[in-house]
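Order of the sequence lines fixes the chain letters, A, B, ..., with proteins taken first and strands second; residue numbering starts at 1 for each chain.
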Amino acid sequence: MSSFYGVELTNRLMLGTAQYPSPAILADAVKRSNVEVVTVSLRRESGSDRAGQGFWNMIRDLGVRVLPNTAGCHSVKEAVTTAHMAREVFDTKWIKLEVIGEEDTLQPNVFELVEAARILSDDGFQVFPYTTEDLVVAGRLLDAGCEVIMPWGAPIGSGQGLNNITGLKTLRNHFPDVPLVVDAGIGLPSHAAHAMELGFDAILLNTAVAKAGDPAAMAQAFNAAITAGRDAYEAKPMESRDMASPSTPVMGKAFLS
Amino acid sequence: MRILLNGESVEILKTDLDEALLELGYNSAVVATALNGEFVPVTLRAGTNLEPGDSIEVLAPMQGG
């Protein structure tokens, strides 16, 4: 069982709440996949339509744990201020820390990410940093107080899967006891299963479910794939070989030529 | 006086942040506030004075990935 700041999750799928065709379909996806953690955000609220209030009531009714993000933040100050506002609104120490560094790839600005992570960790936050698979950066994030690392699989919303399997494997092998969550870039259940087979502790995704033709069915498919991948990792997969090796015993074979 | 509310210019009568939020329709809403880029916790809204030209951000839960 993996522990995320002391919280043990039965379900290793963390689901984003954006881009669904309707709130009802989002709720259905969460319920049918038995997701325990959903990500949420903060945006400007109008005093007249108060759209955020209805959304928040719906999420609370689902009875799941929320992981607020700092999506769209580009600086330490923006991210830290947003985190403080999220902590008050959502009443949680958890924060998915995003500090975006580049618009085409939405990849994190890892320099500002480490600084923001240190400030927030020192202030009592439990930081889930969205980062690249860079090993040194992950080490700096741990030094800064993070107890979970969330490397991307591929750019946010791209659905490309795992773009640097070697880098992800290195991260897993180097930090065997740190909870690692692949966050972003997952497009198919097979991508998620692959990450779990590598030993990752959980998968955080949004677009692959929200933009599916049937989001609730896709959430269930991801759930099954993540469970299968984790089971396979725990069952210790065989080593791959470059050459064939007969599975049927050779000894006792008839001489017929 | 005129202030910026979520980037839009609005006219308000109240000069106290907590009272201004009521005036602007946020009564009992779950929101977080920032004044001129600095977070203002809910416990400090009453007693936080607004001045003409101030910029208030009022944020609420929203969908996110």
Side-chain angles (χ1 to χ4, degrees), chain A residues 14-20 23 26 38-60 66-72 75 77-78 80-91 96 98 106 130 156-157 183-184 204-211, chain B:
Chain A
M14 302 179 182
L15 197 57
T17 56
Q19 306 183 83
Y20 290 80
L26 161 61
V38 298
T39 54
V40 291
S41 194
L42 284 176
R43 285 293 180 268
R44 286 170 164 173
E45 179 82 328
S46 158
S48 53
D49 66 19
R50 298 164 60 117
Q53 307 306 302
F55 170 73
W56 184 221
N57 287 336
M58 190 269 283
I59 294 295
R60 278 194 292 205
V66 295
L67 174 57
N69 69 27
T70 62
S75 68
K77 182 177 186 302
E78 260 190 313
V80 168
T81 301
T82 301
H84 278 100
M85 297 174 87
R87 181 165 67 176
E88 181 178 276
V89 163
F90 296 109
D91 193 25
K96 176 185 165 182
E98 295 183 34
L106 295 179
Y130 160 66
I156 294 171
D183 172 21
L204 200 169
L205 57 85
N206 189 155
T207 311
V209 165
K211 291 297 187 186
Chain B
M1 65 177 172
R2 294 204 80 77
I3 60 161
L4 280 177
L5 170 65
N6 290 341
E8 290 188 13
S9 180
V10 296
E11 184 76 26
I12 59 171
L13 298 172
K14 302 294 185 183
T15 58
D16 180 90
L17 177 57
D18 199 45
E19 294 176 359
L21 289 175
L22 286 175
E23 181 184 349
L24 291 164
Y26 293 104
N27 51 304
S28 75
V30 177
V31 292
T33 52
L35 173 60
N36 299 325
E38 302 295 332
F39 171 53
V40 180
V42 64
T43 51
L44 297 182
R45 284 181 200 157
T48 295
N49 285 316
L50 302 177
E51 295 183 4
D54 274 350
S55 175
I56 307 174
E57 293 286 336
V58 181
L59 306 186
M62 189 57 68
Q63 295 86 346

(request) Quick one: closest heavy-atom pair of A60(B) and G52(A), and the distance? (result) CB-CA, 4.2 Å
(message) Counting only heavy atoms from other residues, nucleotides and ligands, does the tally under 6.0 Å from NZ of K77(A) exceed 12?
(response) yes
(message) For N69(A) versus G65(B), what's the shortest heavy-atom pair and its separation?
(response) ND2-O, 2.7 Å
(request) Measure distances from S46(A) to the heavy atoms of chain B and classify the residue's part below 4.5 Å as side chain, backbone, both or neither. (result) backbone
(request) State whether the side chain of Q53(A) and the backbone N or O of V30(B) hold a donor-acceptor pair below 3.5 Å, judged by distance alone. (result) yes
(message) Given heavy-atom pairs under 4.5 angstrom as the criterion, report whether the side chain, backbone, both or neither of Y130(A) touches chain B.
(response) neither
(request) Answer with side chain, backbone, both or neither: which region of R50(A) has an atom nearer than 4.5 Å to a non-hydrogen atom of chain B? (result) side chain
(request) Identify which one of E45(A), R43(A), M85(A) satisfies the side chain to side chain contact (heavy atoms under 4.5 Å, CB included) criterion when paired with L59(B). (result) M85(A)
(message) Under a 4.5 Å cutoff for heavy-atom pairs, which residue among L21(B), L5(B), N27(B) has the most contacts with chain A?
(response) N27(B)
(request) Over all heavy atoms of both residues, which pair between T81(A) and F39(B) is shortest? Give the atoms and the distance, please. (result) CG2-N, 4.0 Å
(request) May I ask you to name which of G7(B), G37(B), A34(B), A32(B) has the most heavy-atom pairs under 4.5 Å with chain A? (result) A32(B)
(request) Ignoring hydrogens and angles, tell me if any N or O in the side chain of T39(A) forms a donor-acceptor pair with the backbone of G64(B) under 3.5 Å. (result) yes
